[in-house]
Amino acid sequence: MTDNAAEPLVSPVNSHNEWDPLEEIIVGRLEGATMPSNHPVVACNVPPWVARLQGLAAGFKYPRMMIETAQRELDQFIALLESLGITVKRPDAVDHRKRFATPDWSSRGFCNACPRDSLLVIGDEIIETPMAWPCRYFETHSYRAILKDYFRRGARWTAAPKPQLTDALFEADFRIPEAGEPMRYILTEFEPVFDAADFVRAGRDLFVTRSNVTNLMGIDWLRRHLGPGYRIHEIESRCRTPMHIDTTFLLLAPGKVLVNPEYIDVDRLPDILGSWDILIAPEPDPIDERLLKITSMCGKWLSMNILMIDDKRVIAERHHTEMLRALERWGFEPIPCDLLHYAPFGGSFHCATLDIRRRGTLESYFP
């Protein structure tokens, strides 16, 4: 017989914002990483010469030297998180070079270095996102053991509609808009797609950038899914190749938001931010390593890709000394760490992680 008096399950997933005290986190993997597929939605966010190089290397495994250097930094980052008392979970190792197919197309994979892209945590719910890159179509499968464990222990587990990713989703003759031209995106509104990394959370309010991996239909899907208890506000970006909000606009603590002065016009931010401190990110320290400049999948503003441990302590890249100094001036306690060589795999501290449990409750930080 079923014991109806059994204790209710308490979800191991509980994260409402970017700054409550961090207790559990998922950190990505580098094993099996494969150069992303040669597809217009992949190529549209990098300079043409980089796109040509990527196209030639597509489907091949990343060079061992690149993986080993990034892995050493990743291991140190994980050790730092654990030394701070944070539980670290890891996805399964996967051979991303294996080819897969739908009735409409086939592709090889990419990597599972950045759980922030494919999974979105809203309270006790974890959502698999409908990603626009074909090479990332089955990326969440490497997290399924973790997701099933969380579900059995009481978490809510949702998957957004799996996109078809046919040619109808992509503008056939897409060209990156020049400065001063009206903004345009490679995505049509054929179906909802979005990456979780285009959203940041402040309790009942979320902020999003429309991008070359997140369309209006994707934003509307999440808005309807979350219902009237949440509000989603769009952040207007001046970036000509937008992809992911966490090098543009990052919430640090109640009343404090970090913005990219190149991409954000502070006079055009949503009105609800009027009482918040708008912290202007300093110019990033230059990267002199030639190979890293060629292979990085991210722009120079990866200096903003930091991880809040709580509303004071923050892990930031050791190389970016100007950012470390700025964080101190703003009243935070930066913890320097190395992750510079993770950039060829898609990001830095914020991208490489997914906060699963932060000690806090759902609140509203705005009127």
Side-chain angles (χ1 to χ4, degrees), residues 15 21-36 60-97 109-119 121 136 139-147 149 197 244 246-247 285 287-289 291-293 295-298 302-310 313-321 323-324 327 333-358:
S15 180
L22 183 59
E23 296 181 336
E24 183 165 330
I25 200 164
I26 298 176
V27 177
R29 278 194 183 275
L30 294 172
E31 294 93 332
T34 299
M35 294 289 184
F60 288 94
K61 290 193 174 182
Y62 276 80
R64 180 180 296 178
M65 178 186 68
M66 290 174 63
I67 291 179
E68 288 177 349
T69 304
Q71 186 66 55
R72 283 194 294 270
E73 295 178 347
L74 184 64
D75 291 342
Q76 292 170 7
F77 174 44
I78 291 169
L80 172 59
L81 290 168
E82 291 176 336
S83 75
L84 295 171
I86 298 162
T87 299
V88 175
K89 299 286 190 180
R90 309 293 305 286
D92 295 334
V94 174
D95 179 5
H96 294 277
R97 198 163 184 271
F110 172 36
C111 65
N112 50 4
C114 296
R116 186 77 59 175
D117 302 351
S118 59
L119 298 166
V121 173
R136 306 189 76 173
E139 193 171 307
T140 55
H141 282 204
S142 62
Y143 300 93
R144 284 292 174 88
I146 298 173
L147 295 174
D149 174 60
H244 299 166
D246 48 14
T247 54
D285 293 81
I287 306 295
D288 297 323
E289 191 175 327
L291 180 61
L292 197 54
K293 286 196 283 190
T295 58
S296 174
M297 295 187 69
C298 313
L302 202 56
S303 58
M304 290 179 59
N305 205 256
I306 57 183
L307 178 68
M308 302 305 298
I309 300 302
D310 50 39
R313 294 177 297 167
V314 51
I315 297 177
E317 172 56 54
R318 191 188 312 277
H319 171 84
H320 289 293
T321 55
M323 177 60 75
L324 293 170
L327 289 165
E333 300 170 13
I335 304 172
C337 188
D338 296 308
L339 206 62
L340 206 61
H341 294 86
Y342 211 73
F345 305 91
S348 190
F349 301 108
H350 198 255
C351 298
T353 58
L354 179 69
D355 35 306
I356 292 298
R357 190 171 64 256
R358 289 183 179 270

- Message: Out of the candidates Ile146, Leu147, Val88, only one should pair with Ile26 under the side-chain contact (heavy atoms from CB on, under 4.5 Å) rule; please name it.
- Response: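 When side-chain contact (heavy atoms from CB on, under 4.5 Å) is applied between Ile26 and each of Ile146, Leu147, Val88, only Ile146 qualifies.
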
Supply the atom-to-atom distance [X] [atom1] to [Y] [atom2], rounded to the nearest 0.5 angstrom.
X	Y	atom1	atom2	answer
Met35	Phe345	CE	CZ	7.5 Å
Glu31	His96	CD	NE2	9.0 Å
Glu73	Gln76	CD	CD	7.0 Å
Ile315	Leu307	CD1	CG	5.5 Å
Asp117	Asn112	CG	CG	11.0 Å
Phe349	Leu302	CZ	CG	9.0 Å

Just by modelled atom types, is the [Y] backbone N or O under 3.5 Å from a matching donor or acceptor in the [X] side chain?
X	Y	result
Tyr342	Cys351	no
Thr69	Met66	no
Tyr62	Pro344	yes
Asp285	Thr321	yes
Glu317	Leu339	yes
Arg90	Gly28	yes

With heavy-atom distances below 4.5 Å as the criterion, would you say the side chains of [X] and [Y] are in contact?
X	Y	result
Val314	Ile335	no
Asp92	Tyr143	no
Asp338	His319	no
Leu81	Ile309	yes
His350	Ile306	no
Leu340	His320	yes
Thr34	Cys111	no
Asp310	Leu22	no

With a 3.5 Å cut-off and no angle check, do the side chains of [X] and [Y] form a donor-acceptor pair?
X	Y	value
Asn305	Thr247	no
His341	Glu289	yes
Arg136	Ser118	no

- Step by step, work out the side-chain contact (heavy atoms from CB on, under 4.5 Å) result for Glu24 and Lys89. CA-CA 8 Å; Glu24 183 165 330; Lys89 299 286 190 180; 3.4 Å; yes

- Item | Salt-bridge contact Asp355-Arg116 (side-chain N to carboxylate O under 4.0 Å) |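 A salt bridge is present here (some side-chain N lies under 4.0 Å from a carboxylate O).
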
- Item | Distance-minimising heavy-atom pair for Ala352 and Pro115 |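 Heavy atoms of Ala352 and Pro115 come nearest at O-CD, 3.5 Å.
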
- Shortest non-hydrogen contact between Pro91 and Val27, atoms and distance: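 Minimum heavy-atom contact is CD-O, 3.1 Å.
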
